[in-house]
Amino acid sequence: VQLQASGGGLVQAGDSLRVSCAASGGALSTYVMAWFRQSPGKEREFVAAIGRHTSNTWYEESVEGRFTISRGNTKNMVYLQMNGLKPEDTAVYYCAAGAIVDRRAARYDIWGQGTQVTVSS
């Protein structure tokens with residue numbers, strides 16, 4: 001499976017943005033899917049995850065209530081809807097696929113290339 005993230009951009013604080021992750025070469029439904037983000041000088045951090053066969057979701061505390069992870073109807077898309085964006089949300093956002101839900105990036109085997117999200121104040 002190969003992942004391709006898209007949808008990033010430059011927005012103002014308070015705006016909304018949806019980033020997408022498209023898969024090719026396999027079905028995302030067989031994986032736990034997650035979004036991570038990384039800003040300059042910082043480690044890649046967990047943002048959100050969604051279970052394989054359920055709608056169970058997990059979020060990093062600072063995005064809880066603002067961000068929503070979901071799977072697309074085609075089963076080969078995963079989305080991260082981001083509302084109420086803040087300047088501190090500025091980062092490169094990566095989608096990742098793995099076998100189990102984990103907040104550690106090292107537990108995910110497949111990564112997309114990342115999409116830049118910049119939030120101006």
Side-chain angles (χ1 to χ4, degrees):
V1 173
Q2 293 183 323
L3 303 178
Q4 177 83 24
S6 62
L10 172 63
V11 297
Q12 293 186 333
D15 284 353
S16 298
L17 193 66
R18 188 178 78 165
V19 291
S20 303
C21 180
S24 59
L28 288 184
S29 59
T30 62
Y31 296 93
V32 167
M33 296 300 299
W35 286 94
F36 285 76
R37 65 187 180 187
Q38 188 169 21
S39 51
K42 294 186 177 181
E43 293 186 354
R44 194 167 295 189
E45 68 169 352
F46 173 82
V47 176
I50 187 166
R52 278 183 288 180
H53 303 298
T54 73
S55 59
N56 288 349
T57 56
W58 294 262
Y59 297 95
E60 194 269 329
E61 185 175 358
S62 69
V63 308
E64 183 87 44
R66 298 189 298 123
F67 290 11
T68 303
I69 186 172
S70 62
R71 293 183 182 270
N73 291 332
T74 64
K75 298 185 179 180
N76 263 11
M77 295 291 295
V78 174
Y79 304 102
L80 184 68
Q81 176 67 43
M82 302 181 289
N83 300 328
L85 282 161
K86 304 175 181 180
E88 51 264 43
D89 294 319
T90 295
V92 177
Y93 283 71
Y94 298 90
C95 58
I100 61 172
V101 176
D102 201 293
R103 294 173 183 262
R104 294 168 290 182
R107 299 304 298 265
Y108 292 83
D109 304 312
I110 304 169
W111 290 84
Q113 87 291 357
T115 185
Q116 176 71 46
V117 173
T118 303
V119 185
S120 63
S121 57

Do you know which two heavy atoms are closest between [X] and [Y], and how far apart they sit?
X    : Y    : result
W58  : G51  : CZ3-N, 3.6 Å
G7   : T115 : N-OG1, 3.9 Å
Q113 : L3   : OE1-O, 4.0 Å
S39  : A91  : N-CB, 4.0 Å

Q. Just wondering, do I69 and Y59 contact through their side chains at under 4.5 Å, heavy atoms?
A.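 The answer is yes, as the side chains (C-beta and beyond) meet within the 4.5 Å cut-off.
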Q | Inter- and intrachain pairs under salt bridge (charged side-chain N to carboxylate O under 4.0 Å, His left out), touching residues 39-48, at least two apart | A |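 Qualifying pairs: R37-E45.
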Q | Spatial distance of atom CD1 (I50) from atom CG (N56) [nearest 0.5 Å] | A |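 Going from the CD1 atom of I50 to the CG atom of N56 covers 8.5 Å.
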Q: Supply the atom-to-atom distance T57 OG1 to R71 CZ, rounded to the nearest 0.5 angstrom.
A: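 The distance works out to 11.5 Å.
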List the atom pairs, donor and acceptor, that lie under 3.5 Å between side-chain atoms in residues 8-36 and the rest of the protein, sequence neighbours left out.
residue: D15; atom: OD2; partner: Q12; partner atom: N; Å: 3.1
residue: S16; atom: OG; partner: N83; partner atom: OD1; Å: 2.9
residue: T30; atom: OG1; partner: A27; partner atom: O; Å: 2.9

(Q) Using only atom types and a distance under 3.5 Å, with no angle test, would you say the side chain of Y108 pairs donor to acceptor with the backbone of D102? (A)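 Flag set: sc Y108 to bb D102 pair under 3.5 Å.
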(Q) Donor-acceptor pair, distance only, cut-off 3.5 Å: does the side chain of T90 make one with the backbone of V119? (A)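 Yes, because the side chain of T90 sits within donor-acceptor range (under 3.5 Å) of the backbone of V119.
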Q) Honestly curious: do Y79 and F46 fall in one hydrophobic cluster under the side-chain, below-4.5 Å linking rule? A)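 Y79 does not cluster with F46.
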Q: Answer yes if Y93 and I110 sit in the same cluster of Ile, Leu, Val, Met, Phe, Trp and Tyr residues linked by side chain heavy atoms under 4.5 Å apart, and no otherwise.
A: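 Y93 and I110: one cluster.
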Q.
Run the salt bridge (Lys or Arg N to Asp or Glu O under 4.0 Å) test against R66 and tell me which residues pass, sequence neighbours left out.
A.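 Result, salt bridge (Lys or Arg N to Asp or Glu O under 4.0 Å) vs R66: D89.
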Q) Passes side chain to side chain donor-acceptor pair (under 3.5 Å), Q4 versus S6? Steps please. A) CA-CA 7 Å; Q4 177 83 24; S6 62; over 6 Å; no
